[in-house]
Number of protein chains: 2
Amino acid sequence: MSVGSGHIPNETIDRLFSYLRPLMCVLNRGSVTVSSRELAEICTVNPSVVRKDFSYIGSLGTRGVGYNVRELIESIRRALKFDNDIRIAVVGVGNIGRALLEHPRFGFEGFKIVAAFDSSPEKVGQTVGQVTVEDAADLEKRLQSEAVQLVIVAVPEICAPDVARRVGDAGVNSVLSFTPCGLAMPDNVNVTSVDLSLEMARLVYHSCSQEGLRIGDGAA
Amino acid sequence: MSVGSGHIPNETIDRLFSYLRPLMCVLNRGSVTVSSRELAEICTVNPSVVRKDFSYIGSLGTRGVGYNVRELIESIRRALKFDNDIRIAVVGVGNIGRALLEHPRFGFEGFKIVAAFDSSPEKVGQTVGQVTVEDAADLEKRLQSEAVQLVIVAVPEICAPDVARRVGDAGVNSVLSFTPCGLAMPDNVNVTSVDLSLEMARLVYHSCSQEGLRIGDGAA
DNA sequence: TAGTGATTGTGTTCACATTCACAAGCTACA
DNA sequence: TGTAGCTTGTGAATGTGAACACAATCACTA
Ligand SMILES: NC(=O)c1ccc[n+]([C@@H]2O[C@H](COP(=O)([O-])OP(=O)(O)OC[C@H]3O[C@@H](n4cnc5c(N)ncnc54)[C@H](O)[C@@H]3O)[C@@H](O)[C@H]2O)c1
Ligand SMILES: NC(=O)c1ccc[n+]([C@@H]2O[C@H](COP(=O)([O-])OP(=O)(O)OC[C@H]3O[C@@H](n4cnc5c(N)ncnc54)[C@H](O)[C@@H]3O)[C@@H](O)[C@H]2O)c1
């Protein structure tokens with residue numbers, strides 16, 4: 001019972017994606033193979049974690065040698081259903097929306113922003129990044145005609161629930177929201193909220209907690 | 001053995017923070033108490049999760065009644081070491097940095113951006129949000145004089161490792177980075193990277209996975 | 001072809017987090 | 001005062017991922 005027959009843990013999914021960037025570096029460096037130890041070092045994880053992660057998507061390595069970098073990248077993308085570019089739309093071209101649209105890196109990583117929407121007449125018609133901002137009134141229709149797979153919601157908090165509902169109705173089932181409020185969504189729609197406040201609170205908490213650990217560091 | 005004598009699970013820390021926003025709403029609504037069932041419903045978690053989370057920071061509820069909202073907020077903030085405003089600096093006032101500086105919500109949530117830095121002469125001297133952009137050359141000195149607890153790094157990828165190192169040297173031990181590359185940091189510095197690509201990849205993966213589950217939804 | 005050194009793949013063990021179930025304890029009311 | 005109806009707090013069971021150790025397997029060399 002090997003090749004991806006069963007179920008892949010959530011944490012493994014995340015790590016599989018996070019291996020892609022370092023692997024591209026290794027590939028550009030000219031290496032043909034990479035060992036679990038080396039990759040683990042780059043990603044600061046345990047080597048056995050790397051091996052077990054790869055074991056979920058099949059036996060890709062050669063004992064005594066390591067993993068073929070090119071094959072590995074290919075297999076990870078396949079496992080993550082990341083073969084083709086992911087088609088994205090941005091709703092709300094304010095500070096955040098603009099930053100996303102002008103961010104060139106997404107294009108290199110397999111994400112393609114195919115449309116942007118705003119309700120403000122001033123914004124509609126502007127070209128930002130690779131796309132021209134469209135009127136939010138046409139949202140549903142255009143999401144379908146552009147075969148959008150994922151929508152990034154970057155509108156003011158008060159509008160977010162309404163926008164999210166419309167996105168869901170249009171048949172898109174992945175939403176990345178920048179408003180930390182909970183968006184009521186049907187079961188078939190996955191929502192993730194980017195909550196910077198939470199990240200910051202966590203960081204500060206952990207820094208404070210380890211404060212007490214700095215004991216006995218007198219010069220020895 | 002009750003009141004926060006032991007160790008609080010990481011997941012609980014995250015959830016405790018995430019309860020704060022809904023609790024503020026409940027408070028503004030005028031409710032004096034809230035039950036674990038009600039709060040769980042708002043946050044879409046299991047009620048027993050809520051109760052166990054609160055049990056880690058002491059016995060705060062009244063059986064048969066629920067939790068006093070005001071006391072609860074107070075206790076959570078205390079447990080998270082969130083009594084005073086967290087002092088933050090932003091390095092790199094580009095698209096992302098500007099969005100953060102102009103975001104008013106952070107102020108209401110207990111985060112205070114006390115300084116911003118950029119290396120571009122055009123940016124230095126500009127006032128964005130509540131602060132005036134300073135020259136990045138003064139970074140270390142100013143981080144210390146402003147008693148900054150957390151630095152948000154929003155500079156181009158190529159500069160990030162250098163900026164991070166300087167921040168660490170200045171004695172700040174919490175860094176929130178927008179570059180997804182791994183930043184080598186001493187052990188006493190906590191780094192979190194905001195990786196939107198990862199979030200998007202995860203969303204799409206899970207949407208694709210549950211595709212096969214839509215079986216037998218013929219009109220019944 | 002046999003021996004050596006290196007690395008993968010995985011069964012097992014361990015640690016942590018979620019869920020469940022229920023006794024303990026509070027309020028309200030007659 | 002006693003009873004009924006909730007809701008909390010928590011021990012125990014369950015589920016899930018991480019760490020570990022080691023046999024299986026490969027390339028290389030003589
Ligand atoms: N800026 C930050 O650093 C930051 C941090 C955390 C969370 N957020 C959240 O992200 C969201 C966006 O932030 P921002 O700073 O870009 O806000 P912003 O005010 O700069 O931009 C919002 C944009 O949405 C447009 N808009 C409003 N209603 C709309 C609708 N119904 N349909 C389409 N477009 C609509 C507006 O015209 C505007 O262009 C907000 O909810 C904010 O709370 C922002
Ligand atoms: N914009 C996005 O949507 C997005 C998404 C994901 C990640 N990121 C990452 O976030 C970071 C910032 O993105 P951005 O869009 O704001 O970039 P940006 O180019 O708009 O802004 C970068 C700013 O940093 C300043 N800077 C450069 N070197 C500096 C130094 N040594 N010290 C201080 N300031 C310096 C520049 O003058 C500029 O103002 C980048 O690493 C980017 O890859 C951005």
Side-chain angles (χ1 to χ4, degrees), chain A residues 1-19 23 26 31-72 75-76 79 202 205-206 209, chain B residues 1-19 23 26 31-72 75-76 79 202 205-206 209:
Chain A
M1 181 161 316
S2 58
V3 184
S5 56
H7 152 266
I8 306 179
N10 283 322
E11 281 74 10
T12 293
I13 297 293
D14 285 6
R15 280 193 302 267
L16 283 175
F17 183 83
S18 75
Y19 297 143
L23 283 175
V26 171
S31 305
V32 176
T33 62
V34 65
S35 70
S36 61
R37 185 180 44 73
E38 189 180 355
L39 187 55
E41 211 159 288
I42 300 174
C43 302
T44 55
V45 297
N46 192 303
S48 64
V49 167
V50 173
R51 291 200 297 275
K52 193 163 278 269
D53 284 344
F54 292 159
S55 80
Y56 287 111
I57 60 175
S59 294
L60 311 162
T62 307
R63 299 177 189 215
V65 178
Y67 300 85
N68 179 294
V69 181
R70 198 176 296 273
E71 281 179 20
L72 196 51
S75 297
I76 292 176
R202 182 181 13 205
Y205 173 82
H206 284 112
S209 300
Chain B
M1 179 159 320
S2 58
V3 184
S5 57
H7 153 266
I8 306 180
N10 281 323
E11 281 74 10
T12 293
I13 297 293
D14 285 6
R15 279 192 303 266
L16 283 176
F17 183 84
S18 76
Y19 297 143
L23 284 174
V26 171
S31 304
V32 176
T33 62
V34 65
S35 70
S36 62
R37 185 180 44 72
E38 189 179 355
L39 188 55
E41 211 158 288
I42 299 174
C43 302
T44 55
V45 297
N46 192 305
S48 62
V49 167
V50 173
R51 290 200 297 277
K52 195 164 272 281
D53 284 343
F54 291 159
S55 80
Y56 287 111
I57 62 175
S59 294
L60 311 162
T62 307
R63 297 174 191 216
V65 178
Y67 300 86
N68 178 294
V69 181
R70 198 177 295 275
E71 280 179 20
L72 196 51
S75 297
I76 292 176
R202 185 187 2 211
Y205 173 82
H206 284 112
S209 301

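As a basis for the values below, the full set of heavy atoms in this structure was taken, side chains included, without hydrogen atoms, waters or symmetry mates. Chain letters run A, B, ... following the sequence lines, proteins first, then strands; residues in each count from 1. Worth saying up front: this structure is predicted, and the values here are computed from it rather than measured.
- Every residue two or more places apart in sequence or in another chain that forms a side-chain hydrogen bond (donor to acceptor under 3.5 Å, both in side chains) with A:S31 is listed here: A:R29.
- With rounding to the nearest 0.5 angstrom, the OG atom of A:S18 is 11.0 Å from the CD1 atom of A:I42.
- One can place CZ of B:F54 at 14 Å from P of D:dT10, the figure rounded to the nearest angstrom.
- For A:T33, there are no side-chain hydrogen bond (donor to acceptor under 3.5 Å, both in side chains) partners at least two apart in sequence or on another chain.
- Here the closest heavy-atom approach between residue A:E71 and residue A:L60 is recorded as OE1-O, 4.4 Å.
- Phosphate contact (OP1/OP2 of D:dT7, side-chain N/O of B:S36, threshold under 4.0 Å): absent.
- Taking the side-chain contact (heavy atoms from CB on, under 4.5 Å) definition, one finds that B:S48 meets it with B:N46, B:R51, sequence neighbours left out.
- Scored by the side-chain contact (heavy atoms from CB on, under 4.5 Å) test, A:R202 finds A:E199, A:H206, B:D14 as partners (sequence neighbours excluded).
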Mark up nucleotides 24-30 of chain C, 5' to 3', with B wherever a protein heavy atom is under 4.0 angstrom from a base atom, S wherever such an atom reaches only the sugar-phosphate, and - elsewhere. BBBS---

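- With rounding to whole Å, B:N10 atom CG is found 11 Å from C:dA17 atom C1'.
- Separating the CZ atom of B:R51 from the P atom of C:dA23 is a distance of 15 Å, rounded to the nearest angstrom.
- Across B:Y205 and A:A79, no two heavy atoms sit closer than the pair CE1-O, 3.3 Å.
- Here B:R63 pairs with nothing under the side-chain contact (heavy atoms from CB on, under 4.5 Å) rule; sequence neighbours left out.
- The separation between B:Y56 atom OH and C:dC16 atom P is 11 Å, rounded to whole Å.
- Side-chain N/O atoms of A:Y67 include none lying less than 4.0 angstrom from OP1 or OP2 on D:dC26.
- Heavy-atom distances under 4.0 Å link DNA chain C to B:N46, B:S48, B:V49 of residues 37-49 of chain B, given in residue order.
- Atom CG in A:N68 sits roughly 15 Å away from atom C1' in D:dA27 (whole-Å rounding).
- Contact of the B:V26 side chain with the B:Y67 side chain is not registered, since no non-hydrogen atoms from C-beta on lie closer than 4.5 Å.
- At whole-Å resolution of the value, CG in A:L60 and P in D:dT25 are 17 Å apart.
- Residue B:E11 contributes atom CD, which lies 18 Å from atom P of D:dG15 at whole-angstrom precision.
- Here D:dC22 presents its P atom at 16 Å from NZ of A:K52, a figure rounded to the nearest Å.
- In this view, B:I76 and B:L16, B:Y19, B:L20, B:L23, B:F54, B:I57, B:L72, B:L80 satisfy the side-chain contact (heavy atoms from CB on, under 4.5 Å) rule, not counting sequence neighbours.
- Comparing the axis of the opening five pairs of the helix from C:dT1-D:dA30 to C:dA30-D:dT1 with that of the closing five pairs yields an angle of 0°, rounded to 10°.
- Remark: A:S36 OG to A:K52 NZ distance equals 13.0 Å, nearest 0.5 Å.
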